[in-house]
Amino acid sequence: MSTPTTSHPRTRLNELIHQPIRFSMMAALSKADELEFRFLRDTLAVSDSVLSRHASALEQAGYITIRKGHVGKWPRTWHALTDNGRAALKDHVTALRELVA
Amino acid sequence: MVTKAEAQTMLNEGDRIAQTVTARRPKEHMPYVGVGLLTALVIPGFDLFDRMTWGWVTIAIAIAGYIACMVYFGSLRWIAVRDRSPEWTWPAISVWMMLMGVTGTLLDGHTDLAYTIAGIAAAIPPLAWGLRLRRTS
């Protein structure tokens with residue numbers, strides 16, 4: 001019996017990113033420098049509280065940054081993928097593709 | 001345990017979301033291509049029409065183009081994408097266009113196509129840069 005030289009892609013899936021909303025959020029953030037809270041919420045079709053909860057989880061993991069700012073007098077919240085987040089997303093997508101292949 | 005079908009569904013959803021963001025993010029090349037095309041189309045008009053009248057038409061088109069740009073980028077302000085053009089791109093294009101304006105004036109009287117030549121020459125840098133941005137985005 002041969003010993004596997006590489007781990008099965010399933011073992012390389014990132015549990016934090018594998019959650020569908022968090023995965024979609026990171027996929028969206030991978031295509032822009034920053035996305036505003038309401039745009040993300042509408043694109044992902046989730047509620048404010050759900051988006052906030054998942055954004056906090058990703059922020060705590062160091063995968064995204066959350067920046068509060070203003071446009072005129074209106075408060076705005078901007079989300080951006082960190083380098084760690086981009087790398088983690090890439091690894092996760094690679095593992096998913098290997099699973100599908 | 002993640003099945004192949006689940007993995008494929010997840011990849012498809014990720015691609016769909018990524019495409020949605022890509023389709024809705026501001027296109028940096030648009031003002032360059034727009035300015036280039038308008039310059040190439042409008043400036044030759046100085047060879048064809050009354051210059052005073054055409055000057056007002058040019059100013060009106062420039063203002064309309066500026067407003068269209070503001071409305072376009074304003075409508076997409078929820079998606080921030082860093083500009084890839086260096087900060088000096090617009091100043092350099094402006095200087096080039098002014099030089100071409102002077103060239104048109106100098107050529108005027110020597111040829112009937114003075115402003116046609118100047119207009120097309122002025123349009124080349126913004127058009128070329130805009131098309132390059134579009135190709136590489």
Side-chain angles (χ1 to χ4, degrees), chain A residues 8-15 17-46 51 54 64-67 69-72 74 76-81 86 88-101, chain B residues 1-34 63 66-91 129-137:
Chain A
H8 191 280
R10 200 167 44 244
T11 64
R12 283 183 277 120
L13 289 174
N14 183 319
E15 281 185 28
I17 300 176
H18 196 62
Q19 202 285 337
I21 292 171
R22 290 197 281 267
F23 178 72
S24 295
M25 195 173 170
M26 292 185 71
L29 290 170
S30 72
K31 294 295 174 187
D33 292 318
E34 284 187 316
L35 292 177
E36 209 276 325
F37 183 90
R38 287 191 295 178
F39 176 83
L40 260 179
R41 179 198 64 193
D42 295 346
T43 303
L44 304 183
V46 293
L51 182 60
H54 289 299
I64 69 167
T65 57
I66 300 174
R67 179 175 68 85
H70 283 81
V71 175
W74 307 107
R76 296 281 182 259
T77 304
W78 295 89
H79 301 75
L81 210 54
R86 200 169 291 277
L89 178 66
K90 190 181 168 195
D91 291 344
H92 188 74
V93 168
T94 302
L96 284 174
R97 289 197 199 289
E98 287 175 17
L99 262 176
V100 168
Chain B
M1 176 80 176
V2 180
T3 64
K4 276 190 179 187
E6 286 169 347
Q8 187 62 64
T9 302
M10 203 157 194
L11 285 170
N12 291 347
E13 180 61 7
D15 286 343
R16 187 189 68 79
I17 294 282
Q19 281 170 13
T20 301
V21 175
T22 302
R24 294 185 61 187
R25 68 184 184 185
K27 308 289 184 292
E28 189 186 352
H29 67 271
M30 285 188 72
Y32 293 97
V33 173
I63 292 170
Y66 178 77
I67 291 170
C69 248
M70 293 299 106
V71 169
Y72 172 72
F73 284 104
S75 70
L76 300 171
R77 65 189 179 279
W78 313 117
I79 309 172
V81 181
R82 212 164 286 121
D83 282 352
R84 289 180 297 143
S85 305
E87 285 179 7
W88 48 261
T89 309
W90 278 117
W129 184 248
L131 293 175
R132 182 178 181 275
L133 286 173
R134 185 172 188 270
R135 201 176 59 245
T136 56
S137 65

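Small disclaimer: the values here were computed from a predicted structure and weren't measured. Lettering follows sequence order; numbering is per chain, from 1. Below, each value reflects all heavy atoms present in this structure, side chains not excepted, and no hydrogens, waters or symmetry copies.
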>> To check you understand the geometry: which heavy-atom pair defines the closest contact between B/Ile17 and A/Ser24, and what is its length?
In response: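 Smallest interatomic distance, heavy atoms only, reads CG2-O, 3.5 Å.
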So which part of [X] gets closer than 4.5 Å to some heavy atom of chain B, the side chain, the backbone, both or neither?
| X | result |
| --- | --- |
| A/Leu13 | side chain |
| A/Arg97 | both |
| A/Ala95 | neither |

> Hey, which residues of residues 5-15 of chain B are touching chain A, say heavy atoms under 4.5 Å apart?
Replying inline: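 B/Ala7, B/Gln8, B/Met10, B/Leu11, B/Glu13, B/Gly14, B/Asp15 fall under the 4.5 Å cut-off.
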>> Using a 4.5 Å heavy-atom cutoff, which residues in residues 66-75 of chain B come close to chain A?
In response: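 Heavy-atom contacts from residues 66-75 of chain B to chain A are absent.
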> With a cut-off of 6.0 Å (strictly less than), are more than 12 heavy atoms of other residues, nucleotides or ligands near CZ of B/Arg84?
Replying inline: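 More than 12 within 6.0 Å, yes.
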If you measure from [atom1] on [X] to [atom2] on [Y], what distance do you get to the nearest 0.5 Å?
| X | Y | atom1 | atom2 | answer |
| --- | --- | --- | --- | --- |
| B/Trp78 | A/Glu34 | CH2 | CD | 13.0 Å |
| B/Arg16 | A/Thr43 | CZ | OG1 | 9.0 Å |
| B/Ile79 | A/Asp33 | CD1 | CG | 11.5 Å |

>> Among residues at least two apart in sequence or on other chains, which ones pass side chain to side chain donor-acceptor pair (under 3.5 Å) with A/Glu36?
In response: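 Counting only residues at least two positions away or on another chain, A/Glu36 forms no side chain to side chain donor-acceptor pair (under 3.5 Å).
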>> Quick one, A/His18 and B/Val2 - any side-chain contact, counting heavy atoms below 4.5 Å?
In response: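 The answer is yes, as the side chains (C-beta and beyond) meet within the 4.5 Å cut-off.
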>> When you compare the side chain of A/Phe39 with that of B/Val21, does any pair of heavy atoms fall below 4.5 Å?
In response: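 Yes, close enough: below the 4.5 Å cut-off.
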> What pairs meet the side-chain hydrogen bond (donor to acceptor under 3.5 Å, both in side chains) rule with one or both residues in residues 20-29 of chain B, with sequence neighbours excluded?
Replying inline: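 Checked against side-chain hydrogen bond (donor to acceptor under 3.5 Å, both in side chains) - neighbours excluded - the pairs reaching residues 20-29 of chain B are B/Glu28-B/Ser85.
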